[in-house]
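Because only heavy atoms are used, hydrogens play no part in the values below, and waters and symmetry mates are left out as well, while side chains stay in.
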Amino acid sequence: MDVNNYPILGELENVQPSKKKTNDIAYVGGITEVRGMREVVKSLDLCRNNVRLKLAGNFFFNSFREELKTYPGWGKVDKLGFLSRSDVRGLLSEVSAGLVTFLPVQNHINAQPNKMFEYMSTGLPVIASNFPLWREIVEGNSCGLCVDPTKPEEVAEAIDWILDHPEESQKMGENGKKAVQEKYNWAMEEKK
């Protein structure tokens, strides 16, 4: 029996009145090549909207950070470093979407990344990799968009769609939050 590392209900939920959503998107976690950050940074330069990436986490390799700085999209990145859980809660209350566009390597394809469920728990629409399991979760719960993570143009299209369709995006966020409350949470897993 698998016990999944789903979020604790309410941990990242903002208790303050909702702030106005910005044209910012967020990625929270370790920053590596296999987590699709090269493609995400490249996608920023392809977006029609004036978007910024709030990048929360640490780089595993300085050489990768230096490479990313050479792409035009890097000018649209706000590097926040490691954030406390409280600061992550604040960040996720302000942005319009959460990114989890990991590359298709063996350890990712059948994984269930906690960050995807954390974004969902806060009511954010998710832009995720189009792996079958992730598609089943994201599209099956109508809580975001799935893209080919190796194609920056698809990531850019999804970002633009989220920003161009605020009402539909808000509904996706509500659907994700409901899915976490009903099934993708630690209280449900703890019983196992």
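- Counting only heavy atoms from C-beta outward, the side chains of R35 and K115 approach each other to under 4.5 Å.
- If you take CD on E94 and CG on D24, they are separated by 8.0 Å, rounding to the nearest 0.5 Å.
- Within 6.0 Å of CD on E66 lie more than 12 heavy atoms contributed by other residues, nucleotides or ligands.
- Both V77 and F61 sit in one connected hydrophobic cluster of ILVMFWY residues. Membership requires side-chain heavy atoms under 4.5 Å apart, directly or through other members.
- At least one side-chain heavy atom of L91 sits less than 4.5 Å from a side-chain heavy atom of V28.
- Residues V138 and M116 are in side-chain contact: their nearest non-hydrogen atoms beyond the backbone lie under 4.5 Å apart.
- The shortest side-chain heavy-atom distance between F131 and C146 does not fall under the 4.5 Å cut-off.
- With sequence neighbours excluded, the residues satisfying side-chain hydrogen bond (donor to acceptor under 3.5 Å, both in side chains) with R52 are D78.
- Here the side chains of E182 and K177 are not in contact, with every heavy-atom distance at 4.5 Å or above.
- Atom NZ of K171 sits in a sparse spot, with 12 or fewer heavy atoms from other residues, nucleotides or ligands closer than 6.0 Å.
- Residues W74 and L55 form a side-chain contact, since some pair of their non-hydrogen atoms from C-beta on lies under 4.5 Å apart.
- More than 12 non-hydrogen atoms from other residues, nucleotides or ligands lie less than 6.0 angstrom from NZ of K79.
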